[in-house]
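Since the structure comes first, as structure tokens, the remarks are kept for the end.
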2 protein chains.
Amino acid sequence: MDDKSISQAVVARLPRYYRYLGDLKDKGVERISSQDLSRMMKVTASQIRQDFNNFGGFGQQGYGYNVAYLYDEIARILGLNEKHNLIVIGAGNLGQALANYMNFERRGFIVRGIFDKNRQLHGKELRGIVIQPVEQMEQFIRENDVDIAVLTIPKEGAVKTAELLVRCGIKAIWNFAHVDLNVPDSIVVENVHLSDSLMKLSYGIANR
Amino acid sequence: MDDKSISQAVVARLPRYYRYLGDLKDKGVERISSQDLSRMMKVTASQIRQDFNNFGGFGQQGYGYNVAYLYDEIARILGLNEKHNLIVIGAGNLGQALANYMNFERRGFIVRGIFDKNRQLHGKELRGIVIQPVEQMEQFIRENDVDIAVLTIPKEGAVKTAELLVRCGIKAIWNFAHVDLNVPDSIVVENVHLSDSLMKLSYGIANR
DNA sequence: AATCTATTGACAATCATTTAACAAAGATGT
DNA sequence: ACATCTTTGTTAAATGATTGTCAATAGATT
């Protein structure tokens, strides 16, 4: 059903569709055609139909797509019906910001623990979650069914930490460290390289 | 010279090249062949050569690429030789984290101001920079030659704020709000949709 | 100095993605 | 109930990106 041959480009567009469909749903819109959606999102209607069809026929000729149904289907495709336990590794500015950000929890991503090697942070609480020493991380992952690790530590330790996480049986790493991790293909890695993003922006300014 | 017809895919790869070349340079490596780099980066040598050739012949047959030279060239292409003044709009967790993050300054991105509408934050200092009311933003942009705005506010206000920024003559927006901005094509927008990224990760777990 | 080796830059071939076109299916209006 | 309109799903065409190939060139070796 969810064929493995879905291209990355398509998957990368799904969250945006999901966002627009959520907005439509909130506005009480019941149905939407690929053409109307294409105007809103500034992509071609053809691409929208092609994208949705990768996962089966969600629409109906002469009618369009049912907003609520399509919204739920995309959630299901994205795996948002599942709950995930996650830990944040690195309680610096970014780590704390992410741990504090409640909205992820609404989508089923629940922060279970925060770890840092800096002793001065140990015991500090964020939303009731205590910052723990990294030494306790391994045991914590195994005991708390942790799927996802959010890696917000400096690049120096990131590769080794990722390897440790793999040994602990983590499924996915959300990597904010400025380095490429070296993990088996079976581990899902989603990189957020903020400095890369800023450089792209810089390129944009230089080459307008 | 820097042809406008460089594809987004190529530009998106440049920061990664830059990162690897920086590491090589730090290690004292003088030259590198596309083949060696291809093994390190796990991309094809052909792609590396093709990518670099978009910007002119940086290499030499039988020798490879000079690391220091190529590093500088990529920096120039990315516009990293230019300094940019930026402001952070929204002093929540993420805004404060970004404003505190020193590493961007090393690349010439200098935080000049932080703005928030929450009165309780006004006057608070981050690295010597005072959080100001958004009402003062417009004047501040004009008086301080601000190029880039980092938008870390909730999505509700983001579109309007972006439009205001355009009227103030901002060149680029680094957008962390979960919404698509509506600005002229001449304005550079680099989106960092963290929730989209997390959904992609979720898809990865669901469809391994 | 001549030969060999490494490696680029350019081009061609392949592969992937996007867009266009249209028949088929269903909704809508009379 | 019929005709008309809308809009999908699908196939084909066009465009774009990646990879493979190889002649040309420069460094390295003898």
Side-chain angles (χ1 to χ4, degrees), chain A residues 1-17 20-21 24 29-74 77 200 203 207, chain B residues 1-17 20-21 24 29-74 77 200 203 207:
Chain A
M1 128 180 306
D2 284 6
D3 200 333
K4 194 70 204 179
S5 67
I6 304 297
S7 87
Q8 268 310 112
V10 175
V11 175
R13 282 192 291 267
L14 290 179
R16 186 154 180 262
Y17 290 132
Y20 274 83
L21 288 165
L24 286 168
V29 177
E30 264 184 31
R31 56 190 257 192
I32 185 96
S33 70
S34 59
Q35 196 174 130
D36 288 350
L37 193 55
S38 101
R39 271 189 285 262
M40 287 175 55
M41 297 186 63
K42 292 176 185 164
V43 297
T44 63
S46 199
Q47 179 165 77
I48 291 172
R49 294 204 297 275
Q50 194 90 290
D51 282 349
F52 292 166
N53 248 82
N54 279 297
F55 306 97
F58 296 149
Q60 213 160 27
Q61 282 99 329
Y63 176 89
Y65 298 86
N66 179 288
V67 171
Y69 175 70
L70 186 53
Y71 181 77
D72 289 345
E73 279 299 306
I74 294 179
I77 292 164
K200 277 198 281 176
Y203 177 88
N207 300 75
Chain B
M1 123 178 312
D2 284 7
D3 200 334
K4 194 70 205 180
S5 67
I6 304 297
S7 86
Q8 267 309 112
V10 174
V11 175
R13 282 193 292 267
L14 291 179
R16 185 154 181 262
Y17 290 132
Y20 274 84
L21 288 165
L24 286 168
V29 177
E30 264 182 31
R31 56 188 257 193
I32 185 95
S33 69
S34 58
Q35 197 175 129
D36 288 350
L37 193 56
S38 101
R39 271 189 285 262
M40 288 174 55
M41 296 185 64
K42 293 176 184 163
V43 296
T44 65
S46 199
Q47 180 165 77
I48 292 172
R49 296 205 295 277
Q50 192 92 302
D51 282 350
F52 293 167
N53 250 82
N54 279 297
F55 306 98
F58 297 148
Q60 216 160 25
Q61 282 99 331
Y63 176 88
Y65 297 87
N66 180 288
V67 171
Y69 175 70
L70 186 53
Y71 181 77
D72 290 345
E73 280 297 307
I74 294 179
I77 292 163
K200 277 198 281 176
Y203 177 90
N207 302 75

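Proteins get letters first, then strands, A, B, ... in listed order; numbering begins at 1 in each. Atoms considered below: every heavy atom in the structure, side chains included; atoms not considered: hydrogens, waters and symmetry mates.
- Of all heavy-atom pairs between A:K200 and B:P15, the closest is CG-CG, 4.5 Å.
- Straight-line distance from the CG atom of B:L37 to the C1' atom of C:dT7: 14 Å, rounded to whole Å.
- Under the 30°/60° scheme for interplanar angles, the aromatic rings of B:F52 and B:Y65 are found to stand perpendicular.
- The shortest distance between side-chain heavy atoms of A:N207 and B:I6 does not fall below 4.5 Å.
- Counted within 6.0 Å of CD on B:Q35, heavy atoms from surrounding residues, nucleotides or ligands total 12 or fewer; the atom is thus considered open.
- Remark: C1' of C:dT8 and OH of B:Y63 are 13 Å apart, rounded to the nearest angstrom.
- For B:S34 and C:dT8, the shortest distance from a side-chain N or O to OP1 or OP2 is below 4.0 Å.
- Remark: A:R39 CZ to A:L37 CG distance equals 10.5 Å, nearest 0.5 Å.
- Comparing A:G64 and B:Q61 along DNA chain D, the residue whose closest nucleotide (by nearest heavy atom) sits nearer the 5' end is A:G64.
- Place A:R31 and A:Q8 on DNA chain C by their nearest nucleotides, and A:Q8 ends up nearer the 5' end.
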Listing time: all N or O pairs from protein to nucleotides 10-16 of chain D that are below 3.5 Å?
unit_1: D:dT10; atom_1: OP2; unit_2: A:N53; atom_2: ND2; d: 2.7

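- Between A:L70 atom CG and D:dT8 atom P there is a gap of 11 Å when expressed in whole angstrom units.
- In this structure, CZ of B:F58 is placed 12 Å from P of C:dA10, rounded to the nearest angstrom.
- The distance from atom CD1 of B:I48 to atom P of D:dG20 is 13 Å, rounded to the nearest whole Å.
- In this structure, A:D51 atom CG and C:dA16 atom P are separated by 17 Å, rounded to whole Å.
- The listed nucleotides are D:dT7, C:dT18, C:dT7; the one nearest the side chain of B:S33 is C:dT7.
- With DNA chain C read from its 5' end, the first of the two nearest nucleotides for A:V10 and B:Q60 is the one closest to B:Q60.
- Per the geometry, OH belonging to B:Y65 stands 11 Å off P belonging to C:dT7, to the nearest Å.
- Between the CG atom of A:N54 and the P atom of C:dT18 there is a distance of 10 Å, rounded to whole Å.
- Looking at residues two or more places apart in sequence or on another chain, you find a side-chain contact (heavy atoms from CB on, under 4.5 Å) between B:Q47 and B:R13, B:Y17, B:V43, B:T44, B:D51.
- In this structure, B:F55 and A:Y203 have perpendicular ring planes: the angle between them is above 60°, well past the 30° mark.
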